[in-house]
Engineer: 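Take this structure, written in structure tokens, and hold onto it; I'll ask about it next.
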Number of protein chains: 2
Amino acid sequence: MSNFQKGKVDIVAVAKAAKVSPSTVSRTFNHPNLVSPATRKKINRAVQRLGYIRNRAAQTMHGKRSGTIGLVVPTINHAIFAEVIQAFSDSIDKAGFSLLLASHGYDLDREYAMVRKFLEHRVDGVALVGLEHSDATARLIEQQKIPALAIWNYSEDSILPCVGADNRLAGRLATEHLLALGHRDIGLIFPQTNGNDRAQHRISAVHAALNEMGISVPSEHESEAPYSVSQAKQAALTLLAKHSRPTALLCGNDVIAQGALFAAQSLGLKVPDDLSIIGIGDFKGSADVEPGLTTIRIPAETIGKLAGERFTDYITSDDPKPFRICCEVERIVRGTTSPSTVH
Amino acid sequence: MSNFQKGKVDIVAVAKAAKVSPSTVSRTFNHPNLVSPATRKKINRAVQRLGYIRNRAAQTMHGKRSGTIGLVVPTINHAIFAEVIQAFSDSIDKAGFSLLLASHGYDLDREYAMVRKFLEHRVDGVALVGLEHSDATARLIEQQKIPALAIWNYSEDSILPCVGADNRLAGRLATEHLLALGHRDIGLIFPQTNGNDRAQHRISAVHAALNEMGISVPSEHESEAPYSVSQAKQAALTLLAKHSRPTALLCGNDVIAQGALFAAQSLGLKVPDDLSIIGIGDFKGSADVEPGLTTIRIPAETIGKLAGERFTDYITSDDPKPFRICCEVERIVRGTTSPSTVH
DNA sequence: AATAGTATTGCAAATGTTTTCATAAATTCG
DNA sequence: CGAATTTATGAAAACATTTGCAATACTATT
């Protein structure tokens, strides 16, 4: 009970307390099999007594991994990203890594800044959302040779390793579902596609699928809404107030779809009888609204989990092989869609 | 165009390229006013050319701050925590800090483990959710003299500095609102209170307020639900199916309240005419359900923002003064509550 | 009992910075 | 113009580790 409070407890304080050399203490942590059980016990006791905590900063300086992975998301405060962050965090935690998290608010220049910041912290890898990033970001990753991962989106020609879903397919499936139900007059509410390749892929697939059927969407039936139930509700209200109302609404994500649902309800429209609504995402809660939301499920949790597992493998492997993983999207039919009654 | 790729670019590589000493390079970053504009320019050019990125691990070893703050939350994947994380992240980012994030899943032993992990990374401070933590965690914080902050909850006798709301008051306000509307037969759906002092404070205040009116809640009108719309919906369905149905439902948070709302709707009950529902939290989306959810607003964003600002101040101050900040809760009356029709 | 081999430990160099101190150059002032 | 400041730079020590190498102590083998 002597040197508890006095000064820093570093590895040499522990060494002194255990009457061994600092090297031995270090070895006890890093190569326990190289030190005799007896000394190991002495050292552990000293560690306990002094409350020593290893200093990863010092380790990192030796070329050891920092044990951190940086994740940059557009925003944390979305059902869907929260889910993927949670799964990713849990997953890398299992592999002994800590999560550095930042958001860029759909601004790719801020994304760059965040990646840089993470690089200063010497993260062992950086994960980004989506496949579209600024040239500066791409250069930075290339130049610094930092392991990087794109999550959320899948594309067979992605430059970075990726774990995600095919958003084009999601858009197509949603469209085909409505078409199969006989809808020909389809309204579209999507988020801005600027710097958001997920939305961009989805909407272009929707248009493609409609074109194949010779359907085009009149511009007054196409609307843009930010990611927020209330603003989506507003947008839907405006769209639905138009003289010629579509028989179905295809929404860029489930948050927008929920907004649309509430808008329809507050206009006294019966969903799905008067109006069908389909979303994309299958967020937590989409199953629980009344009626349950029909949607194309993007398996956020699976993506996050898988991304974490594969990325940590990749990082810790001596000869890392790039990978691209496509997680299946799936049509989930619930209560907000029904056959068109117009013939 | 010589030493681009060959080997590490560290401060001495930059120094060499700019034909100055490493000290001068370091100074250019840390005390730019101490180095002449001319050399500064030379150095900056070299930095650009080589793509040098500062190494915070090495800085940290010098007793400089690591520039990271650890935040441990029960779970990331909740509307309410996502909101507070976002605000906190943005706020500390402005002050130049990076966020290390971890979740413990309402397990205080895991919380301890996460704090330890953060300590290894030499975070400059650690923020926890709530005021209830394991003894080990408290000891660790005390012993390591690491700046710590409790967010989300306010209490005047909190040991740690705190930024949060008075959850007891929230519980009381919710109760008083229902009582004022004439409800005497009130059902309760709350999350588990184990290791969750927020819920614990709320429910005890509810019971206290009811007691003062001589009201007690029959056990079949009191139910426990985890944090999930669907499971809350289930719990509410069971509760509402009882022969004697309460006239109002007081829910431990807005997610549960939403579940209750959907349950009521699927049972064909008119809200608020047949059943009043009040939540606590005012989550994103609570305003947008139909009818809008009456709730007690806990200003998550304000809490996160304020917490970030005050905590970074605290950390960077030479003589930090402890603080406790109470953010106001507020009754938000929307469409899910109305006067009791039973007399 | 001597030798070879193995298990255990310590020494010292290295990692990438920052900072104190010292020195040199430039500027001011009487 | 020389002394006194001030400004700009460099050398070297310090920070907390890890690890290659060397030294020592132990075991097993003949």
Side-chain angles (χ1 to χ4, degrees), chain A residues 3 6-44 46-47 50-68 117 119-124 144 146, chain B residues 3 6-44 46-47 50-68 96 119-124 144 146:
Chain A
N3 38 9
K6 55 167 70 172
K8 317 278 139 238
V9 282
D10 54 4
I11 212 173
V12 354
V14 173
K16 222 164 260 168
K19 298 193 211 305
V20 294
S21 76
S23 340
T24 308
V25 178
S26 173
R27 257 188 297 259
T28 317
F29 292 127
N30 299 300
H31 315 281
N33 52 310
L34 291 187
V35 21
S36 84
T39 16
R40 222 152 47 190
K41 194 170 294 172
K42 273 196 304 182
I43 290 173
N44 285 329
V47 166
L50 303 185
Y52 168 72
I53 292 186
R54 302 174 71 182
N55 185 338
R56 289 202 97 126
Q59 301 185 156
T60 302
M61 270 203 19
H62 271 267
K64 295 208 100 168
R65 277 190 288 272
S66 71
T68 55
K117 190 165 92 162
L119 253 10
E120 294 192 355
H121 287 293
R122 293 301 189 261
V123 291
D124 299 323
Q144 301 291 327
I146 176 90
Chain B
N3 37 10
K6 56 166 67 170
K8 318 277 139 240
V9 282
D10 54 5
I11 212 173
V12 356
V14 173
K16 222 164 260 166
K19 299 195 209 309
V20 294
S21 76
S23 338
T24 309
V25 178
S26 173
R27 257 190 298 259
T28 318
F29 292 127
N30 298 300
H31 316 280
N33 52 309
L34 291 187
V35 22
S36 83
T39 16
R40 220 152 47 190
K41 195 170 296 173
K42 273 196 304 182
I43 290 173
N44 284 330
V47 166
L50 302 185
Y52 168 71
I53 292 186
R54 303 174 71 181
N55 184 338
R56 288 202 96 125
Q59 303 187 155
T60 302
M61 270 202 22
H62 269 267
K64 292 208 102 168
R65 276 189 288 272
S66 71
T68 55
L119 253 11
E120 294 191 355
H121 286 293
R122 293 301 188 261
V123 292
D124 298 323
Q144 301 291 327
I146 176 87

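Computed from heavy atoms alone, side chains included, the values below leave out hydrogens, waters and symmetry copies.
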Engineer: Starting the side chain at C-beta, find the nucleotide from D:dT19, D:dT17, C:dC11 nearest to A:Lys64.
Structural biologist: D:dT19
Engineer: Could one point to a donor on the side chain of B:Thr24 or the base of D:dA8 with an acceptor on the other under 3.5 Å away?
Structural biologist: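 Counting by modelled atom types and ignoring angles, no donor-acceptor contact under 3.5 Å is found here.
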Engineer: Using a strict threshold of under 4.0 Å (side-chain N to carboxylate O), is an ion pair present between B:Arg56 and A:Glu120?
Structural biologist: yes
Engineer: If I take atom CD1 in residue B:Ile53 and atom C1' in nucleotide C:dG16, what distance separates them, rounded to the nearest angstrom?
Structural biologist: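 In whole Å, C:dG16 C1' and B:Ile53 CD1 are 15 Å from each other.
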Engineer: Measure CD1/B:Ile11 against C1'/C:dT19 and give the value in whole Å, please.
Structural biologist: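 One finds 12 Å between C1' of C:dT19 and CD1 of B:Ile11, rounded.
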Engineer: Base, sugar-phosphate, or nothing: which does A:Ser36 touch, judged by heavy atoms less than 4.0 Å apart?
Structural biologist: sugar-phosphate
Engineer: Kindly indicate whether the side chain of A:Asn30, heavy atoms from C-beta on, has any atom under 4.5 Å from the side chain of A:Lys64.
Structural biologist: yes
Engineer: Heavy atoms only: give me the nearest B:Ile11-B:Tyr52 pair and the separation to one decimal.
Structural biologist: N-CE1, 3.8 Å
Engineer: Please tell me if B:Thr39 has a side-chain N or O lying less than 4.0 Å from either OP1 or OP2 of D:dT9.
Structural biologist: yes
Engineer: Return whichever of A:Pro37 or A:Ala58 has its heavy-atom-nearest nucleotide of DNA chain C closer to the 5' end.
Structural biologist: A:Pro37
Engineer: Rounded to the nearest Å, what distance is computed from the CZ atom of residue A:Arg56 to the P atom of nucleotide D:dT18?
Structural biologist: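 Taking atom P of D:dT18 as the reference, CZ of A:Arg56 is at 10 Å.
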Engineer: A:Leu50 CG to D:dA16 P: how many Å, rounded?
Structural biologist: 14 Å
Engineer: Which nucleotide wins on minimum distance to the side chain of B:His31, given the candidates C:dT17, C:dT19, D:dT17?
Structural biologist: C:dT19
Engineer: Would you mind reading off the distance between A:Arg40 atom CZ and C:dA7 atom C1', rounded to a whole angstrom?
Structural biologist: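 My rounded result for the distance is 13 Å.
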Engineer: Is B:Pro22 close to B:Val25 at the side-chain level, that is, under 4.5 Å between some pair of heavy atoms?
Structural biologist: no
Engineer: Closest to the A:His62 side chain: D:dA16, C:dT17, C:dT8?
Structural biologist: D:dA16
Engineer: Quick one: label B:Thr60 by what it contacts on the DNA or RNA (base, sugar-phosphate, nothing), any heavy atom closer than 4.0 Å.
Structural biologist: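 The answer is nothing, as B:Thr60 stays clear of every strand by at least 4.0 Å.
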Engineer: Tell me which nucleotide among C:dA12, D:dA16, C:dT17 gets nearest to the side chain of A:Asn55.
Structural biologist: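 Selected nucleotide (nearest to the side chain): D:dA16.
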Engineer: Using the closest heavy atom to pick a nucleotide of DNA chain D for each, name whichever of B:Val20 or A:Asp10 lands nearer the 5' end.
Structural biologist: B:Val20
Engineer: Would you indicate which nucleotide in D:dT19, C:dT17, D:dT17 comes nearest to any side-chain atom of B:Val12?
Structural biologist: C:dT17
Engineer: Measure CD/A:Gln59 against C1'/D:dT19 and give the value in whole Å, please.
Structural biologist: 13 Å
Engineer: For the pair B:Arg122 (side chain) and B:Arg65 (backbone), establish whether a donor and an acceptor sit closer than 3.5 Å, ignoring hydrogens and angles.
Structural biologist: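 Between the backbone of B:Arg65 and the side chain of B:Arg122 there is no qualifying donor-acceptor contact (under 3.5 Å).
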Engineer: Do you know which two heavy atoms are closest between B:Thr39 and B:Val20, and how far apart they sit?
Structural biologist: CG2-CG1, 3.8 Å
Engineer: Over its full length, what angle do the end axes of the helix from C:dA1-D:dT30 to C:dG30-D:dC1 make, each axis taken from five pairs and the result rounded to 10 degrees?
Structural biologist: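 What I find for the helix from C:dA1-D:dT30 to C:dG30-D:dC1 is an axis angle of 40°.
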Engineer: Measure CG/A:Leu34 against P/D:dT24 and give the value in whole Å, please.
Structural biologist: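 Going from A:Leu34 (CG) to D:dT24 (P), I get 20 Å.
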Engineer: A:Val35 has a side chain; which of D:dG10, D:dT19, C:dT9 sits nearest to it?
Structural biologist: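 Among D:dG10, D:dT19, C:dT9, the one nearest the side chain of A:Val35 is C:dT9.
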Engineer: Rounded to whole angstroms, how far apart are CE on A:Met61 and P on D:dT19?
Structural biologist: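 It is 13 Å, rounded to the nearest whole Å.
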Engineer: Please classify the nucleic acid contact of A:Phe29 as base, sugar-phosphate, or nothing, using heavy-atom distances under 4.0 Å.
Structural biologist: nothing
Engineer: Which one, D:dG20, D:dA11, C:dT18, comes nearest to the side chain of B:Asn30?
Structural biologist: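 Among the listed nucleotides, the one closest to the side chain of B:Asn30 is C:dT18.
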Engineer: Which atom pair, heavy atoms only, marks the closest approach of B:Thr28 to B:Arg40?
Structural biologist: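 That closest heavy-atom pairing would be CG2-CG, 3.2 Å.
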Engineer: Under 4.0 Å between any heavy atoms, over every strand shown, what does B:Arg27 touch: base, sugar-phosphate, or nothing? Just pick one.
Structural biologist: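 Base contact - B:Arg27 has a heavy atom under 4.0 Å of at least one base atom.
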Engineer: Ignoring hydrogens, what is the shortest heavy-atom contact between B:Val123 and B:Ser66? Give both atom names and the distance.
Structural biologist: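 Nearest pair, atom of B:Val123 first, then B:Ser66: CA-OG, 3.7 Å.
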